Amino acid sequence: NSSDQPSYQKSDAVGECSLTPIQKWFLNNSNVHKNHFNQSVLLEAKSSIDLSLLNQALQFVLEKHAALRSNFGLIGNQIKAIINEKAEAVAIKKVTVQNQMELTNHLNQLQEGFDLVAQPLIRFSLIQFNAKELLFITAHHLVVDVISWRIILDDISSFYQLLKENKEINTTKFYQQIPFKKWSEILKEYSVSESLLSENKFWQKVEDKIQTAKIPNEKNYHSVAGFETITKELNAELSSQLITTANKAYHTEINDLLLTALFRVSQKCFSKNNIALDVELHGRQGIDKDTPDLNQTVGWFTSMYPIYLEIADNAEIGYQIKEVKEQIRAVPNKGLGYGVLKYLSEKIVGDHTPSIALNYLGQLDDGFDNDLFKLLPDTNTNNVSKHRYLDHAIELELFIQNQVLVIKTHFRTKNGLETWMNQFTETFKNELTEIINHCTKKETTELTPNDLTFKGLSVEELDNLFD
């Protein structure tokens, strides 16, 4: 209930701002090409757009969401964010393109050359393409994430509508949601709290196990720079089952099934019964029940944490799903504490990166269409510099769009890897299909210790109780 929310002032939202763990990870990372690491959306207008009203609506969006006015630079000997008080004036002009190639070139140009120390880190372009009017928005990942886009697009649509009807936009409401700067301060306080420091033992154990679970010959995946992507899709029926009925069998979440599939791929492709991977989550669950609602704030909230999975050799599929689920549930507070401990408290010793990363972005069909625009499929390949060196040997990015699960495997450019990565992605798709089929055929729900109050009991012990 937004009326119960504390109201903030503009002063809470602007000025010098500590980095959040994910921002610190990105900026302190040795990776070059930091200026070109974006997210973007391409939208089709549902009716003719008034350019003057659109410019005003975009200006209000920049005024409301302070994080979009961020820059990043050295203050003393530390990289910090500066959130500017005023946004630059938005004055986009309409661009006409004749064909797909011209459109692609125009979008590519817009995505290059952000300057982290100079505003703005978001760009807009209204494009006439044949009979269609398109709005392209690209922003540096340091200031947005997937949930941010839903908020931004909603606001563009509602501000445009209000302006069109000559209604006033109430700017005092701009400070109802918690400013990103305030969240960064909460995390900074949390970084020295007893409750967080008590998680250190758990995370140190995981960090120490990463080395044991590297994929064989990981050095073969190293390249000078650059990466390639293989894209595959799961059909609509399986995709729909993955987000609904498949999760009834073992009371799972989608990530449990995706991670089980990855574990099975590790067994098949790498002959390993353990796997370590970095998992990315939206990071907006907050610290505890006292955290203000973070779901209306624009910014990069992602939390990334390592997970280590190990399951006995000959386990059947149902047991594997239950084991993976239990091992994920053992992670404190969905992994939020790991980044805080590692990058803010600087308590975790060692700097091990798992070979594989998994990022499930959710359902992109959800909340991206509004009265003004519809989201066009993700065909844009220039979000990230082609010369960027991937942080992991293999990075899996998954999302549901147009009712199908899209599986993107990013891997470092190297001769001879493409065929193997194609096989890896195909194996993942097959294993996921097998898991979904197994789960949807199951008529009853099997619970695991975490669903009950049997903490500390293993899956095997619980199964024996019910046998």
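The basis for the numbers below is simple: all heavy atoms, side chains too, and nothing from hydrogens, waters or symmetry mates. Note that this is a predicted model, so its numbers are computed, not measured.
A donor-acceptor pair is defined here as one N or O able to donate and one able to accept, closer than 3.5 Å; no such pair exists between the side chain of Lys334 and the backbone of Gln285. A distance-only check finds a donor-acceptor pair linking the side chain of Asp12 to the backbone of Gln9 [under 3.5 Å]. Here the side chain of Ser40 pairs no donor or acceptor atom with the backbone of Thr138 at under 3.5 angstrom. Between the Ser157 side chain and the Leu153 main chain, no donor and acceptor come within less than 3.5 Å of each other. The main-chain N or O of Val349 is found under 3.5 Å from a side-chain atom of Gln204 such that the two form a donor-acceptor pair. No donor-acceptor distance shorter than 3.5 angstrom exists from the side chain of Asn35 to the backbone of Asp115, with no hydrogens or angles considered. Here the side chain of Ser184 pairs no donor or acceptor atom with the backbone of Cys17 at under 3.5 angstrom. Side-chain atoms of Lys24 do not come within 3.5 Å of backbone N or O of Val340 as any donor-acceptor pair. Of the possible donor and acceptor atoms, none in the side chain of Arg388 sits under 3.5 Å from a partner among the backbone N and O of Phe227. When atom types are taken as modelled, the side chain of Lys374 and the backbone of Glu44 share no donor-acceptor pair closer than 3.5 angstrom.
Rounded to the nearest 0.5 Å, atoms NE2 (His392) and CZ (Arg412) are 9.0 Å apart. To the nearest 0.5 Å, the span separating CG on Leu19 from CD on Gln78 amounts to 8.5 Å. Rounded to the nearest 0.5 angstrom, Glu199 CD and Ser193 OG are separated by 8.5 Å. Here Thr433 contributes atom OG1 and Leu234 contributes atom CG; the two are 5.0 Å apart, rounded to the nearest 0.5 Å. Taking NE2 of His141 as the reference point, atom CD of Gln23 lies at 10.5 Å (rounded to 0.5 Å). Atoms OG and CD1, from Ser18 and Ile186 in turn, are 12.0 Å apart once rounded to the nearest 0.5 Å.
Listed by chain and number, the residues in a ring-ring contact (aromatic ring centres under 6.0 Å, His included) with His140 are Phe26 (sequence neighbours excluded). Applying the side-chain hydrogen bond (donor to acceptor under 3.5 Å, both in side chains) test to Thr302 and every residue at least two apart in sequence or in another chain returns Trp300. With sequence neighbours left out, the salt bridge (charged side-chain N to carboxylate O under 4.0 Å, His left out) criterion links Asp371 to no other residue. With sequence neighbours excluded, the residues satisfying ring-ring contact (aromatic ring centres under 6.0 Å, His included) with Tyr305 are Trp203. By the side-chain hydrogen bond (donor to acceptor under 3.5 Å, both in side chains) test, Asn29 pairs with Asp391, sequence neighbours left out. Partners of Asn422 by side-chain hydrogen bond (donor to acceptor under 3.5 Å, both in side chains), not counting sequence neighbours, listed by chain and number: Lys232.
Environment of CD in Glu237: sparse, with no more than 12 heavy atoms of neighbouring residues, nucleotides or ligands closer than 6.0 Å. With a 6.0 Å radius and a threshold of 12 heavy atoms from other residues, nucleotides or ligands, Lys34 has its NZ atom above the threshold. The 12-atom threshold is exceeded at NE2 of His36, counting heavy atoms of other residues, nucleotides or ligands nearer than 6.0 Å. Counting non-hydrogen atoms of neighbouring residues, nucleotides and ligands closer than 6.0 angstrom, the NZ atom of Lys429 exceeds 12 such neighbours. Atom NZ of Lys173 sits in a sparse spot, with 12 or fewer heavy atoms from other residues, nucleotides or ligands closer than 6.0 Å.
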| said: One pair to check against side-chain contact (heavy atoms from CB on, under 4.5 Å): Leu258 and Leu432. What are the steps and the verdict? | reply: CA-CA 7 Å; Leu258 298 176; Leu432 189 56; 3.8 Å; yes
- [ ] Show the numbers, then the answer: is there a side-chain contact (heavy atoms from CB on, under 4.5 Å) between Leu163 and Phe60?
- [x] CA-CA 11 Å; Leu163 290 161; Phe60 277 117; 4.1 Å; yes
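When each of Gln109, His106, Lys94 is tested with Ser125 by the rule side chain to side chain contact (heavy atoms under 4.5 Å, CB included), just one qualifies, namely His106. Checked options Ile407, Asn359, Leu361, Leu242; the residue passing with Leu398 is Ile407 (criterion: side chain to side chain contact (heavy atoms under 4.5 Å, CB included)). Applying side chain to side chain contact (heavy atoms under 4.5 Å, CB included) to Leu259 and the options Ile321, Ile254, Thr252, Leu277 leaves one that passes, Leu277.
Between the side chains of Ser52 and Gln56, at least one donor N or O lies within less than 3.5 Å of an accepting N or O. Checking Asn55 against Gln59 by side-chain atom types alone, no donor-acceptor pair falls below 3.5 Å. Counting only N and O atoms by type, the side chains of Asn383 and Gln111 include a donor and acceptor under 3.5 Å apart.
Summarising the geometry of Phe411 relative to Glu418, their closest heavy-atom pair is CZ-CA, 4.0 Å, with the distance given to 0.1 Å. Residues Ile92 and Phe124 come closest through the heavy atom pair CG2-O, 3.3 Å. Taking every heavy atom of both residues into account, Leu126 and Glu133 meet most closely at CD2-OE2, 3.9 Å. Minimum heavy-atom separation, Arg284 to Ser148: NH2-OG, 3.3 Å. Shown here for Lys93 and Leu51, the closest heavy-atom pair between the two residues is CA-CD2, 4.1 Å. Between Gly283 and Ser303, the closest heavy-atom pair is CA-OG, 3.8 Å.
Aromatic rings of Phe301 and Phe180 (six-membered ring for Trp) have centroids within the 6.0 Å cut-off, being under it.
Ion pairing of Asp256 with Arg329 is present here, as a side-chain N (NZ or NE/NH1/NH2) and a carboxylate O approach within less than 4.0 Å. Ion pairing between a basic and an acidic side chain is recognised when a charged N comes within 4.0 Å of a carboxylate O; Glu185 and Lys182 show such pairing.
Relative ring orientation between Phe174 and Phe159 is described as tilted, the plane-to-plane angle lying within the 30° to 60° band.
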